[in-house]
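Here the structure comes first, spelled out in structure tokens, and everything after it is commentary.
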Amino acid sequence: MKLQIENKQLTFINFMVTGYFIALYGLNYFEIESNTIAFIGELLTIPFILAAIIFSAMGIKKLITGNMDLKTGISSFLLIMCTGLILFSFIR
């Protein structure tokens, strides 16, 4: 069975994952520390990294097939950039 995801759903998921990593960056940049924030960050980071990789691949596939609207394209671009920065930060 093929899993089909609509543009609206993909856009929402892409913005959620991108927003999570932007929030983590903001918390780190402004040095906001809390035990609760650290716990939630540690709990959700690996699943969100996996989601970022999977949904980036889905966005690229939709881009290749050509059935993507502007909002989905923008959200996929932001997610691909975010995923690239995350993966390259592991190398650095």
Side-chain angles (χ1 to χ4, degrees):
M1 184 170 149
K2 250 183 157 178
L3 176 66
Q4 294 290 336
I5 189 164
E6 296 179 14
N7 285 336
K8 188 175 182 180
Q9 295 168 331
L10 185 61
T11 303
F12 178 74
I13 293 169
N14 287 350
F15 280 132
M16 289 293 293
V17 173
T18 305
Y20 173 76
F21 286 114
I22 289 172
L24 275 183
Y25 176 76
L27 290 171
N28 187 34
Y29 182 77
F30 292 112
E31 298 177 2
I32 299 172
E33 295 181 10
S34 165
N35 290 336
T36 306
I37 292 172
F39 175 73
I40 292 172
E42 291 294 326
L43 186 69
L44 295 177
T45 299
I46 292 176
F48 270 84
I49 288 173
L50 294 174
I53 293 168
I54 291 168
F55 288 110
S56 293
M58 290 177 77
I60 291 170
K61 183 179 177 185
K62 276 198 174 282
L63 180 66
I64 291 170
T65 59
N67 58 353
M68 181 182 288
D69 60 355
L70 182 62
K71 285 194 296 188
T72 308
I74 291 171
S75 69
S76 293
F77 174 74
L78 290 174
L79 184 63
I80 291 167
M81 294 298 295
C82 183
T83 305
L85 290 172
I86 292 166
L87 294 177
F88 285 127
S89 72
F90 287 123
I91 296 170
R92 188 173 61 98

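All heavy atoms count here, side chains included; hydrogens, waters and symmetry mates do not.
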- To the nearest 0.5 Å, tell me how far Ile80 CD1 sits from Leu85 CG. 12.0 Å
- Any side-chain heavy-atom pair from Ile49 and Phe21 closer than 4.5 angstrom? yes
- Atom of Thr11, atom of Ser75 and distance for their closest heavy-atom approach: CA-OG, 3.5 Å
- List the steps, then state whether side-chain contact (heavy atoms from CB on, under 4.5 Å) holds for Asn28 with Leu24. CA-CA 6 Å; Asn28 187 34; Leu24 275 183; over 6 Å; no
- Rounding to 0.5 Å, atoms CD1 (Ile22) and CG (Leu78) come to a distance of 7.0 Å
- Query: Are Leu44 and Ile46 connected, step by step, through hydrophobic side chains (Ile, Leu, Val, Met, Phe, Trp, Tyr) whose heavy atoms are closer than 4.5 Å?
  - Reply: no
- Is there side-chain contact between Phe55 and Thr83, with at least one heavy-atom pair below 4.5 Å? no
- Query: Is the shortest heavy-atom distance from the side chain of Leu87 to the side chain of Ile53 under 4.5 Å?
  - Reply: yes
- Message: How about CG on Asn67, more than 12 heavy atoms from neighbouring residues, nucleotides or ligands closer than 6.0 Å, or not?
- Response: yes
- Report, as yes or no, whether the 6.0 Å neighbourhood of atom NZ on Lys62 holds more than 12 heavy atoms from other residues, nucleotides or ligands. yes
- Task: On the 0 to 90° scale, with breaks at 30° and 60°, tag the Tyr20-Phe48 ring pair as parallel, tilted or perpendicular.
- Result: parallel
- Query: Nearest 0.5 Å, what's the OG-CG distance between Ser56 and Leu63?
  - Reply: 12.0 Å
- Message: I'd like to know if the side chain of Gln9 reaches the main chain of Glu6, judged simply by a donor and an acceptor atom lying under 3.5 Å from each other, with no hydrogens or angles considered.
- Response: yes
- Message: Looking at every non-hydrogen atom in both residues, tell me the closest pair between Gly59 and Ser76 and how far apart they are.
- Response: CA-OG, 3.8 Å
- Quick one: CD1 on Ile5 to NZ on Lys61, what's the gap to the nearest 0.5 Å? 11.5 Å
- Message: Is there a path of hydrophobic side-chain contacts, each under 4.5 Å between heavy atoms of I/L/V/M/F/W/Y residues, joining Ile54 to Ile86?
- Response: yes
- Task: Could you grab the distance from atom CG of Leu70 to atom CG of Asn7, nearest 0.5 Å is fine?
- Result: 11.0 Å
- Query: Taking everything shown except Ile32 itself, do over 12 heavy atoms lie less than 6.0 Å from its CD1?
  - Reply: yes
- In this structure, CZ of Phe15 is separated from CG of Leu10 (nearest 0.5 Å) by 10.0 Å
- Query: Looking only at atom types and distance, does a side-chain atom of Thr18 sit under 3.5 Å from a main-chain N or O of Asn14, one as donor and one as acceptor?
  - Reply: yes
- Task: Check the pair Ile13, Leu79 against side-chain contact (heavy atoms from CB on, under 4.5 Å), reporting the backbone distance first and the verdict last.
- Result: CA-CA 10 Å; Ile13 293 169; Leu79 184 63; over 6 Å; no
